[in-house]
Amino acid sequence: MPVQDRTNEFRACVESIRNRSSLPSRNAEAKQRLLNGNAKRGDKSEFSRMAAAIGKDISSTTVKLGKLAQLAKRKTLFDDRPVEISELTHIIKQDIANINRQIASLQSYVKQRQGQAAKSPAAKQVEEHNNNVVMLLQSKLANTSMTFKDVLEIRTQNMKESRDRQEQFTHATAAAANPAPSNSLLFGNRQPDPMGDGSLGRSSMKGKGRAHQNGDLLALDLGSAEEGMGGQNDGGAFMQMQLVEQQDTYIQQRSTAIETVEATIAELGQIFTQLAQMVAEQRETVQRIDADTVDIASNVSGAQRELLKYYASISSNRWLMLKIFGVLIVFFLIFILVS
Amino acid sequence: MKIYSLAVVLVPHTGASTILAHASDLSSFSFYQRGSVGEFMTFFSKTVAERTPQGQRQSVQENNYVAHVYNRGGAEQLAGVIITDQEYPVRPAFSLLTKVLDDFTAKVPQSSFGNTSAISFGELNAYLQKYQDPRQADAIMKVQQELDETKIILHKTIESVLQRGEKLDSLVDRSNALSAQSKMFYKTAKKQNSCCVIM
């Protein structure tokens with residue numbers, strides 16, 4: 001629900017009540033209050049305009065998200081429109097980032113106004129209202145982001161399932177020959193990693209090692225499954241046993257894991273080299289500082305020497321000054337006596 | 001990620017298979033379920049071991065259990081089965097199986113494969129407990145983990161070196177300014193001396 005500006009309705013109510021109650025003494029104050037409301041409307045409508053814009057953006061993003069969810073839920077085998085979906089995902093991501101920025105600017109605007117606002121109770125209510133509106137918008141944005149994330153998860157699951165089913169129908173050898181496609185960024189994020197732990201970030205795309213993670217699904221071995229079912233006297237639920245052959249996969253997983261370790265060690269070596277280089281650069285700076293400090297020391301000691309000399313000359317000069325004054329007084333006396 | 005059970009199965013070419021050694025960790029199930037779950041595990045292990053051709057590895061998924069089987073065949077016709085949950089990484093599971101089978105063949109002579117009760121392979125339990133956390137137990141994963149930690153530490157080090165660089169830069173500027181000022185100080189002091197010689 002976007003933020004609506006219902007000031008006009010409020011004023012209409014006030015007018016009608018005023019006409020009904022018809023107390024002329026209240027007229028002046030009411031007019032005063034309305035005028036105040038009018039004056040502040042400039043600032044308030046600025047805020048409400050921004051908030052309304054953000055609300056509109058959020059609702060349009062929600063609509064797009066609904067469309068994406070519908071697209072992602074489709075379980076058809078061949079008419080999967082990855083281009084549209086990835087485009088839509090990209091657009092929605094940009095929208096969410098945009099709205100985030102707008103909300104942040106709105107919040108800073110509110111804070112700025114809080115700093116300048118008067119401390120009257122009316123202003124406090126306005127502040128509270130602004131804060132509430134900002135929080136409402138933030139929570140709506142958070143909901144939208146959560147829905148977006150869910151839709152992305154559904155999408156990855158469906159993609160996996162559809163690929164499994166595709167490989168059921170195309171035969172096993174073909175599946176083993178062509179590597180698993182990593183078409184959209186979604187699937188790229190959920191790649192299985194050779195270690196099984198969370199350290200996804202480092203492993204680069206080593207084609208063959210990665211490909212066979214998912215490319216080893218055979219067609220369901222229905223024959224042996226059926227005779228297995230016939231053998232059991234279990235009339236209960238049908239146990240689907242998916243037989244997956246992993247002979248090659250295991251060895252390749254091992255080799256991938258070791259290659260990853262090797263890559264990590266190489267990376268570490270690089271980091272060390274970088275570190276050494278940075279420290280070497282800083283050594284030159286340190287040498288400059290050193291030279292500067294030595295200069296400072298020599299300058300200051302030289303200055304101190306000069307000052308000492310000056311002081312010594314001043315203190316020893318007193319006798320000279322007395323002599324000079326004595327000569328001046330003698331000349332002065334001579335001139336007085338002559339005149 | 002947990003291991004539920006670990007078993008060594010004798011899989012002759014003809015006839016039924018028998019479990020030679022078995023260890024399980026059913027602590028995550030409620031007390032009353034443990035019996036039936038344990039039976040299910042043994043049955044599952046035997047079935048899956050029988051269905052795996054010799055010299056092959058397989059992974060079978062059922063509800064939320066995954067069984068990894070490695071049928072080594074060979075002279076002893078042994079197979080190792082490990083039942084885990086779905087999160088457990090696949091590769092260390094198979095390395096664990098290989099290790100267990102090697103140990104078993106080293107320790108238990110083939111002659112005693114006939115009577116199951118005589119075989120005591122206590123290391124199974126030890127392995128089960130140790131491999132509950134594969135990252136610590138599996139060699140490659142441990143190395144990888146340590147390398148990652150080292151990398152994080154190195155990143156922090158580089159950041160602090162960068163900060164040190166910034167501080168050194170500011171130090172250079174300040175020492176430059178101080179040097180200029182001390183030079184001015186010296187010159188002024190010298191000027192004092194030379195200027196007023198008269199008095």
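Note on naming: letters A, B, ... go to the chains in the order of the sequence lines (proteins, then strands), and numbering restarts at 1 for each one.
- The ring-ring contact (aromatic ring centres under 6.0 Å, His included) check on A:Y311 picks up nothing, with sequence neighbours excluded.
- Across every non-hydrogen atom of B:K151 and A:I271, the tightest pair is CG-CD1, 3.8 Å.
- Between B:A189 and A:A303, the shortest heavy-atom contact is CB-O, 3.8 Å.
- Using a distance-only test at 3.5 Å, with no hydrogens or angles considered, no donor-acceptor pair links the side chain of A:D295 to the main chain of B:S179.
- Interface remark: B:T98 contributes side-chain atoms only to the contact with chain A (heavy atom separation under 4.5 Å).
- Applying the salt bridge (Lys or Arg N to Asp or Glu O under 4.0 Å) test to every pair with at least one member in residues 94-111 of chain B, sequence neighbours left out, gives these pairs: B:R72-B:D102, B:K107-B:E123.
- A distance of 11.5 Å separates CD in A:E284 from CG in B:L168, rounded to the nearest 0.5 Å.
- From B:L171, atom CG reaches atom CG of A:D290 across 11.5 Å, with rounding to the nearest 0.5 Å.
- Screening A:I258, A:V261, A:I265 against B:V143 for a side-chain contact (heavy atoms from CB on, under 4.5 Å) leaves a single residue, A:V261.
- Summarising the geometry, atom OH belonging to B:Y186 is positioned 12.0 Å from atom CD belonging to A:Q304; distances are rounded to the nearest 0.5 Å.
- Both the backbone and the side chain of B:V161 come within less than 4.5 Å of a heavy atom of chain A.
- For a residue to count as touching a neighbouring chain, one of its non-hydrogen atoms must lie under 4.5 Å from one of that chain's; by this rule A:E281 does not touch chain B.
- When heavy atoms are compared at a cutoff of 4.5 Å, B:R174 does not approach chain A at all.
- Across all their heavy atoms, B:R91 and A:Y250 have their closest contact at O-CE1, 3.6 Å.
- Between A:F272 and B:L154, the closest side-chain pair of non-hydrogen atoms falls below 4.5 Å.
- When side chains are defined from C-beta on, A:D292 does not count as touching B:L178, because their heavy atoms never get closer than 4.5 Å.
- Distance check: B:Q58 CD to A:T249 OG1 gives 11.5 Å after rounding to the nearest 0.5 Å.
- Atom CG of residue A:L307 and atom CG of residue B:N193 lie 8.0 Å apart, to the nearest 0.5 angstrom.
- A:R254 has its side chain within reach of B:S95: a pair of non-hydrogen atoms, C-beta onward, lies under 4.5 Å apart.
- When only modelled atom types and interatomic distance are considered, B:Q144 and A:T264 share a side-chain donor-acceptor pair under 3.5 Å.
- Open room surrounds NZ on B:K190; 12 or fewer heavy atoms of other groups in view lie less than 6.0 Å from it.
- Counting non-hydrogen atoms of neighbouring residues, nucleotides and ligands closer than 6.0 angstrom, the CD atom of B:E159 reaches no more than 12 such neighbours.
- Rounding to the nearest 0.5 Å places CE of B:M184 at 11.0 Å from CG of A:N299.
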